[in-house]
Enquirer: 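Structure incoming, see below.
In listed order, ligands and their atoms are each counted from 1. The chain is numbered in sequence order, starting from 1.
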Amino acid sequence: MPACGRSAAKPMNPEIRVLDDGKELAREAADLFVWLGEQALREGRAFRVTLSGGSTPRVLHAALAGPPFANRLEWSRLEFYFGDERCVPPDHPESNYGMANETLFRPLKIAEKQIFRMGGETPDHDQAARQYEEMVRARVCPAGSPWPVFDLILLGLGEDAHTASLFPGTAALDESRRLVVANTAPQGIKNRITLTAPAINHARTIVFLVSGAGKAKAVAGVLHDRSVDSRRAPAKLIRPVAGRIIWFLDRAAASALPVSQQDLTYDEE
Ligand code: 6PG
């Protein structure tokens, strides 16, 4: 069982794991991914995981697609969803689906029917968001509940403390009813589709993977600086309702945190 493999009896504060470098971060995160997957499959249910975009997940995907992790899971019983997508076709170099397909789905021979991608190519972005929401409601929300319970949601963090495509000062931050909305990014591909914070917060386990000194200020703003609010640091909106949240940081990304806050697991008082 990975070091942070305890199951949460009640909502817990963020668990912070500081690793030496990106490689160790990927290995630890892959170990937790597979451990959670083994648990779900042992309980006889599909393992529903939501992938994040950008570049950081590439190291995790490479770890999962190789030994020892590739052989530890019955990959055909997993379902892959997305936390956000750029509004581009799936074969576009900026597509989050395209990156996952290249680094994870193809190497692990994941079947099309296991992959639930957002319609980045749909011209009407709000329609694409609503279509994804409808699918998530049907497949991931427990009977009678308006909120999806993903087994694992993987997230990254931008230097502006955005996560998924929840960017500072944007309308998506105020969404309290919808699961998926269209939103805009201040740089790069402007139009996005994203899970909302409440949709993310109902997951069993939420994992942030953050590496590099460029993210240190954003990490400290989210995890330590109470003067920074969630409109400026949207990742602060990510607080599991009943699940666990674990931050995997490399030393560079953790470098602006007080030493006392590094590599500790916080139990709720
Ligand atoms: C996206 C992601 C986004 C990402 C952060 C960090 O679509 O870009 O979902 O939230 O996780 O921007 O990106 P890097 O890993 O590339 O630094």
Enquirer: Taking only Lys NZ, Arg NE, NH1 and NH2, and the carboxylate oxygens of Asp or Glu, determine whether Arg232 and Asp225 approach each other closer than 4.0 Å.
Expert: no

Enquirer: What distance do Thr122 atom OG1 and Gln131 atom CD have between them, rounded to the nearest 0.5 Å?
Expert: 5.5 Å

Enquirer: Start with the C-alpha gap between Phe33 and Phe47, add the side-chain angles, then the distance that decides, and say whether ring-ring contact (aromatic ring centres under 6.0 Å, His included) holds.
Expert: CA-CA 10 Å; Phe33 182 114; Phe47 183 52; 5.6 Å; yes

Enquirer: So, does Arg192 sit close enough to ligand 1 that a heavy atom of it is under 4.0 Å from the ligand?
Expert: yes

Enquirer: Can we say Glu85 and Arg117 salt-bridge, meaning some charged N sits less than 4.0 Å from an Asp/Glu carboxylate O?
Expert: no

Enquirer: Where's the contact between Glu85 and ligand 1, heavy-atom distance under 4.0 Å: side chain, backbone, both or neither?
Expert: neither

Enquirer: What is the nearest protein non-hydrogen atom to atom 4 (C) of ligand 1, stated with its residue, atom name and distance?
Expert: Gly53 O, 4.0 Å

Enquirer: Between Phe208 and Trp247, what is the ring plane arrangement, given parallel below 30°, perpendicular above 60°, and tilted in between?
Expert: parallel

Enquirer: With heavy atoms of Lys215 as the reference, note each atom of ligand 1 found under 4.0 Å away.
Expert: 6 (C), 14 (P), 17 (O)

Enquirer: Heavy-atom contact check, 4.0 Å cutoff: does Arg86 meet ligand 1?
Expert: yes

Enquirer: Would you call Arg231 and Asp174 a salt bridge, taking side-chain N to carboxylate O under 4.0 Å as the test?
Expert: yes

Enquirer: For ligand 1, is there an N or O atom under 3.5 Å from any N or O atom of Ser55?
Expert: yes

Enquirer: Within the 4.5 Å heavy-atom criterion, are Leu195 and Leu166 side-chain neighbours or not?
Expert: no

Enquirer: Atom 13 (O) of ligand 1: which protein heavy atom is closest, and how many Å away?
Expert: Gly54 CA, 4.0 Å

Enquirer: Find all atoms of ligand 1 within a distance of less than 4.0 Å from any non-hydrogen atom belonging to Gly156, and give their numbers and elements.
Expert: 11 (O)

Enquirer: Contact between ligand 1 and Gly83 is defined here as a heavy atom of the residue under 4.0 Å from a ligand atom; is it met?
Expert: no

Enquirer: Pull out every atom of ligand 1 sitting under 4.0 Å from any heavy atom of Asp84, numbered as shown with elements.
Expert: 1 (C), 2 (C), 7 (O), 9 (O)

Enquirer: Quick one: does Gly158 get an N or O within less than 3.5 Å of an N or O on ligand 1?
Expert: no

Enquirer: Can you tell me if CD on Glu112 sees more than 12 non-hydrogen neighbours from other groups inside 6.0 Å?
Expert: no

Enquirer: Just go through Thr56, Leu157, Leu154 and tell me whose heavy atom is the nearest to atom 6 (C) of ligand 1.
Expert: Leu157

Enquirer: For residues Ala46 and Glu79, report the shortest heavy-atom separation together with the two atoms involved.
Expert: CB-OE2, 3.8 Å

Enquirer: Does Arg86 reach the side chain of Ser95, with side-chain heavy atoms less than 4.5 Å apart?
Expert: no

Enquirer: Hey, does Leu155 come in under 3.5 Å of ligand 1, counting only N/O atoms on both sides?
Expert: no

Enquirer: Taking distance alone, with N or O pairs closer than 3.5 Å, would you say Ser165 contacts ligand 1?
Expert: no

Enquirer: Atom 5 (C) of ligand 1: which protein heavy atom is closest, and how many Å away?
Expert: His162 NE2, 3.5 Å

Enquirer: Once you round to the nearest 0.5 Å, how far does CG of Asn191 lie from NE2 of His125?
Expert: 4.5 Å

Enquirer: Are any of the N or O atoms of Thr163 closer than 3.5 Å to those of ligand 1?
Expert: no

Enquirer: Starting from atom 10 (O) of ligand 1, which protein heavy atom do you reach first, and at what distance in Å?
Expert: Ala164 O, 2.7 Å

